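Source: prediction; values computed, not measured. Below, each value reflects all heavy atoms present in this structure, side chains not excepted, and no hydrogens, waters or symmetry copies.
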Amino acid sequence: MRLSNILLAIGTLVGVAIAVAPAAVASVDPSPKPGGVYRLKPGIYVQKETACASAPNAAIRHYDGRGISTPHTRACRARVLSRHGNRYEVSQSCIDAGAGPAPRFVERQTVSIRDALTFSIKTRGPAAEYRYCPAYMLPAGIRAPAR
């Protein structure tokens with residue numbers, strides 16, 4: 001095979017790889033872009049140093065653009081009381097059950113946003129740090145809320 005034919009074949013393969021690569025990357029994590037009350041990517045977050053695939057309920061938080069819920073709360077709505085850079089003082093109200101009828105409760109929190117994929121939250125005691133977990137890294141039982 002002549003050198004010009006080899007170079008033409010390599011150029012064609014590189015062009016195909018570049019054209020296909022963005023679609024492959026986008027299909028891995030189709031969740032929404034960062035936004036909402038906090039500049040965070042909506043989805044499931046797991047406490048720092050806990051594996052996404054085996055996180056216990058106590059280490060899981062869900063950000064939906066309106067608030068940060070736990071596996072035992074839902075419909076959380078954060079109201080920003082003050083903001084200093086990436087630190088938010090909020091009053092967050094949530095329904096106090098993962099499902100079924102339950103009362104709404106209000107809690108003051110300090111939420112610090114490191115970047116679009118990590119945050120810390122302090123209610124009482126020391127702050128807990130969380131990081132985003134893409135849906136493909138989560139156990140099947142909790143993938144649905146991340147989408």
Side-chain angles (χ1 to χ4, degrees), residues 7 9-147:
L7 292 175
I10 290 172
T12 302
L13 290 174
V14 169
V16 168
I18 290 171
V20 171
V25 171
S27 67
V28 171
D29 187 8
S31 64
K33 302 294 179 226
V37 174
Y38 311 113
R39 296 288 302 155
L40 289 171
K41 184 173 185 67
I44 300 291
Y45 288 75
V46 170
Q47 201 161 8
K48 183 180 171 184
E49 299 178 13
T50 302
C52 294
S54 60
N57 280 348
I60 297 171
R61 298 294 179 267
H62 178 237
Y63 176 64
D64 64 3
R66 295 178 290 273
I68 299 171
S69 61
T70 72
H72 303 291
T73 62
R74 69 178 191 280
C76 294
R77 303 294 175 256
R79 184 173 56 90
V80 177
L81 303 173
S82 67
R83 179 179 173 194
H84 304 286
N86 288 330
R87 192 180 82 221
Y88 298 78
E89 298 293 329
V90 301
S91 175
Q92 179 169 274
S93 71
C94 298
I95 295 176
D96 196 15
R104 186 168 279 277
F105 73 97
V106 178
E107 181 174 64
R108 284 196 59 155
Q109 301 173 334
T110 301
V111 179
S112 298
I113 309 300
R114 176 192 271 164
D115 55 47
L117 302 175
T118 54
F119 71 91
S120 68
I121 191 166
K122 177 179 171 46
T123 52
R124 293 172 294 283
E129 296 182 51
Y130 295 87
R131 73 181 189 299
Y132 177 78
C133 287
Y136 72 90
M137 293 178 70
L138 298 168
I142 61 173
R143 284 185 192 158
R147 290 188 179 149

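A 4.5 Å side-chain heavy-atom check between Thr70 and Asn57 finds every atom pair outside the cut-off. The closest side-chain heavy-atom distance from Leu81 to Arg108 is below 4.5 Å. Using a 4.5 Å heavy-atom cutoff, the side chains of Thr110 and Arg87 are in contact. At least one side-chain heavy atom of Arg66 sits less than 4.5 Å from a side-chain heavy atom of Arg77. Side chains of Arg131 and Cys52 form a contact here, defined as non-hydrogen atoms less than 4.5 Å apart. At a threshold of 4.5 Å between non-hydrogen side-chain atoms, the residues Val106 and Ser93 count as touching. Proximity of His62 to Ile68: side-chain heavy atoms (C-beta onward) are nowhere separated by under 4.5 Å. Here the side chains of Thr73 and Phe105 are in contact, with some heavy-atom distance below 4.5 Å.
Across every non-hydrogen atom of Pro56 and Thr50, the tightest pair is CD-CG2, 3.9 Å. Residues Pro34 and Ala116 come closest through the heavy atom pair CG-CB, 3.6 Å. Closest approach of Ala128 to Gln47, counting heavy atoms only: CB-NE2, 3.5 Å. Smallest separation of non-hydrogen atoms from Val37 and Tyr63: N-OH, 3.1 Å.
Aromatic pair Phe119/Tyr45: centroids less than 6.0 angstrom apart.
The backbone N or O of Ala75 lies less than 3.5 Å from a partner atom in the side chain of Arg104, making a donor-acceptor pair. Between the side chain of Arg74 and the backbone N or O of Ala97 there is at least one donor-acceptor pair closer than 3.5 Å. A donor-acceptor contact shorter than 3.5 Å is absent between the side chain of Tyr38 and the backbone of Val111.
With rounding to the nearest 0.5 angstrom, the OG atom of Ser112 is 10.5 Å from the NZ atom of Lys122. Interatomic distance, CD1 of Ile113 versus CZ of Arg39, reported as 10.5 Å (0.5 Å rounding). Expressed to the nearest 0.5 Å, how far CD of Glu129 lies from OG1 of Thr118 amounts to 8.0 Å. Annotation: the span from Ile44 atom CD1 to Arg61 atom CZ amounts to 11.0 Å, rounded to 0.5 Å.
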